[in-house]
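What follows is a set of notes on a single structure, which appears directly below.
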Amino acid sequence: MNMEEKEKPSDFIREIIREDLKNRKFDSRVHTRFPPEPNGYLHIGHAKSICLNFGAAEEFKGLCNMRFDDTNPTKEEVEYVESIKEDVRWIGFDWQEREYYASDYFEKMYGYAVELIKKGKAYVCDLSADEIREYRGTLTASGKESPYRNRTVEENLSLFEKMKIGEFPDGSRTLRAKIDMSSGNINMRDPVMFRILHSEHHRTGNKWCIYPMYDYAHCVSDSIEGITHSICTLEFEDHRPLYDWFLNELGVYHPQQIEFARLNLSYTVLSKRKLIQLVQEGHVNGWDDPRMPTISGIRRRGYTPESIRNFCERIGVAKRDSMVDMALLEYCIREDLNKQAQRVMAVLRPLKVVVVNYPEGQVDELDAINNPEDPGMGTRKVPFSRVLYIEKDDFREQPPKGFFRLSPGKEVRLRYAYYITCVDVVKDKNTGEVTELHCTYDPATRGGDSPDGRKVKSTLHWVSASHAIKAEARLYDYLFTKPVPGEESGDFKTDLNPKSLEALKQCFVEPSLVNAKSGDRFQFERMGYFCADRDSTKEKPVFNRTVTLRDTWAKIEKLQKKS
RNA sequence: UGGGGAGUCGUCCAAAGGUAGGACGGCAGCCUCUGGAGCUGCUUAUAGGGGUUCGAAUCCUCUCUCCCCAGCCA
């Protein structure tokens with residue numbers, strides 16, 4: 001086995017494709033499609049499907065179509081088609097000119113339906129929605145045939161024509177496939193093919209007042225486009241017999257439907273219904289809120305397309321229900337950003353430090369490495385002066401066991417600068433809060449190395465007070481406090497994390513960040529990866545925390561608090 | 001109690017009758033001018049019972065558990 005073979009993702013779907021290719025099925029073609037309904041924003045679960053459909057097509061030198069499954073005008077909007085296109089492109093795939101819509105095929109679907117009527121395989125039914133439900137039976141009891149089931153072909157043809165030209169009100173009649181009301185598979189109990197909907201469609205306008213149902217529209221669309229492998233999620237497994245029935249009765253080109261398990265991710269929700277609820281009820285600030293698992297939210301949070309693709313590869317594709325650990329997604333973005341992101345110093349919760357033996361008014365320009373993982377990214381100058389800010393968490397008046405950072409009398413290194421020793425602690429007279437530290441520095445340690453070889457246990461990040469830029473940092477935590485939101489209570493919203501967003505408005509970042517543009521990503525050393533948000537202004541940049549760095553000390557501290 | 005699926009480390013995915021392996025997480029250590037990164041080691045897994053076989057996660061059989069389906073949604 002060579003290296004290339006080793007790297008290739010493999011799963012049961014790719015195995016099927018390989019087998020089909022070997023047997024020259026579908027003329028040795030591979031043609032998939034990504035078929036979203038434009039009724040919401042794409043999320044990380046869709047990314048799995050996108051990577052599978054576009055990825056497999058690419059690997060087998062085939063094609064993948066973009067197809068909007070727009071058969072329900074009451075729920076669909078152009079806003080959604082635009083966002084979907086942007087998101088798929090951002091993830092890194094291209095459908096060239098093959099941008100299709102199920103609505104492109106309405107005429108053809110109508111014609112095919114007429115054929116089925118002529119074959120005696122479809123009929124116009126006057127039952128109401130409630131009556132259809134009654135007649136359908138239950139999971140264990142078989143259904144009853146509709147009294148309209150045996151109309152003549154002529155009558156059906158004329159009624160269907162009248163449905164089309166708008167002679168009947170919404171809900172008054174449907175076109176149904178004539179299959180088997182006693183089937184154990186409820187989908188086969190004379191499913192509805194067309195319903196009457198006097199509703200304006202985002203593409204076809206008012207041309208149609210009957211719209212096809214998913215089961216009928218999907219297989220026909222796949223057939224028209226010459227799809228070979230129609231990949232969908234597990235809940236459609238029961239629909240496959242119907243998919244096959246329509247295509248067989250029509251006697252047209254017949255793709256193969258294959259089902260895989262949809263993605264579940266811990267500490268979030270991935271259902272359109274729930275996501276739309278979060279947006280509409282204001283639990284988040286829109287579809288692209290960085291806490292949302294939507295592609296647009298993840299993008300704004302600072303994730304890279306590369307990390308999403310790697311994630312989708314790592315989680316694999318199979319048929320069993322599963323719950324992927326959020327920690328894996330975080331691993332993927334850290335892995336990518338560790339290699340890419342420019343390092344920078346930013347103090348999120350500032351504590352003032354006066355270097356008492358450093359001359360007032362003097363400024364040192366120190367060399368800092370932009371990315372230790374990539375020397376090619378070069379170095380930059382960072383200004384040092386008498387008054388600095390360090391991170392509040394990096395000082396403890398009474399250091400707990402294992403605390404390596406600054407405390408009274410202790411010496412630490414300021415990254416790329418000098419060793420400093422804390423000589424005095426200034427407190428607020430009323431609250432007792434530490435407001436300022438007095439430290440001395442050792443001029444011999446300039447650059448961060450001690451000529452006498454003495455070691456310090458810790459290196460702190462810092463900024464020069466007079467040079468720093470004021471900034472806002474938005475720290476995000478999981479949107480939910482439980483791995484499976486609502487598992488106990490039954491209502492996912494009871495597990496919403498009240499601390500999922502913490503906005504720190506008085507941060508100080510090093511001056512090199514003046515030029516940061518919206519979308520730029522950085523590692524704030526020792527704090528995490530951050531991405532400049534579009535809310536940034538010239539006066540005050542805003543940074544979203546994409547993900548923290550792994551934090552060993554935080555882990556130790558948490559353990560200590562427990563015991 | 002109808003029909004359709006699925007059960008392998010904590011999590012995700014492999015192993016197509018022949019040593020149950022990888023990744024994430026966790027733990028321990030090494031290293032380090034980021035308590036980052038990197039490196040090394042460890043990590044109570046084949047749902048259960050029978051059977052076939054020299055040999056079973058894999059084949060047969062019985063049982064158990066979980067998921068999906070009763071929209072004129074997709």
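Every chain is numbered from 1 and lettered A, B, ... according to where its sequence line falls, protein lines coming before strand lines. All of these numbers come straight from a predicted model, not from anything done at the bench.
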Between [N] and [M], how far apart are the two [atom1] atoms, rounded to whole Å?
N       : M       : atom1 : result
rG50(B) : rG41(B) : P     : 38 Å
rG25(B) : rC60(B) : P     : 38 Å
rG29(B) : rG21(B) : C1'   : 24 Å
rG55(B) : rU43(B) : P     : 29 Å
rC39(B) : rU32(B) : P     : 16 Å

Check: Regarding K319(A) and the six-membered ring of F260(A), is the cationic atom NZ or CZ under 6.0 Å from the ring centre and inside 45° of its axis?
Finding: no

Both distances below 3.5 Å, Watson-Crick or wobble geometry, any strand: find the nucleotide opposite [N].
N       : answer
rG17(B) : none
rA6(B)  : rU65(B)
rC12(B) : rG22(B)
rU53(B) : none
rA37(B) : none
rA70(B) : none

Does [X] make a side-chain N or O approach to OP1 or OP2 of [N] shorter than 4.0 Å?
X       : N       : result
R413(A) : rU34(B) : no
R240(A) : rC69(B) : no
R550(A) : rG35(B) : no
S183(A) : rG2(B)  : no
R136(A) : rG71(B) : yes
K555(A) : rG26(B) : yes
R189(A) : rC69(B) : no

Next item on the list: Let me know, please, whether A129(A) or M527(A) comes out on the 5' side of the other along RNA chain B by nearest nucleotide.
Entry: M527(A)

What contact category does [X] fall into here, base, sugar-phosphate, or nothing, at under 4.0 angstrom with non-hydrogen atoms?
X       : value
S128(A) : base
E259(A) : nothing
S322(A) : sugar-phosphate

Next item on the list: Could you give me the CA-CA distance, side-chain angles and deciding distance for M213(A) and D215(A), then say whether side chain to side chain contact (heavy atoms under 4.5 Å, CB included) is met?
Entry: CA-CA 6 Å; M213(A) 298 288 290; D215(A) 287 301; 5.6 Å; no

Notebook entry, point to check: rG71(B): syn or anti, with syn meaning chi within 90° of zero?
Noted result: syn

Notebook entry, point to check: At what distance, to the nearest 0.5 angstrom, does CH2 of W462(A) lie from CG of L388(A)?
Noted result: 6.5 Å

Note to self: Output the rounded distance in Å from OH (Y135(A)) to P (rG71(B)).
What the structure shows: 16 Å

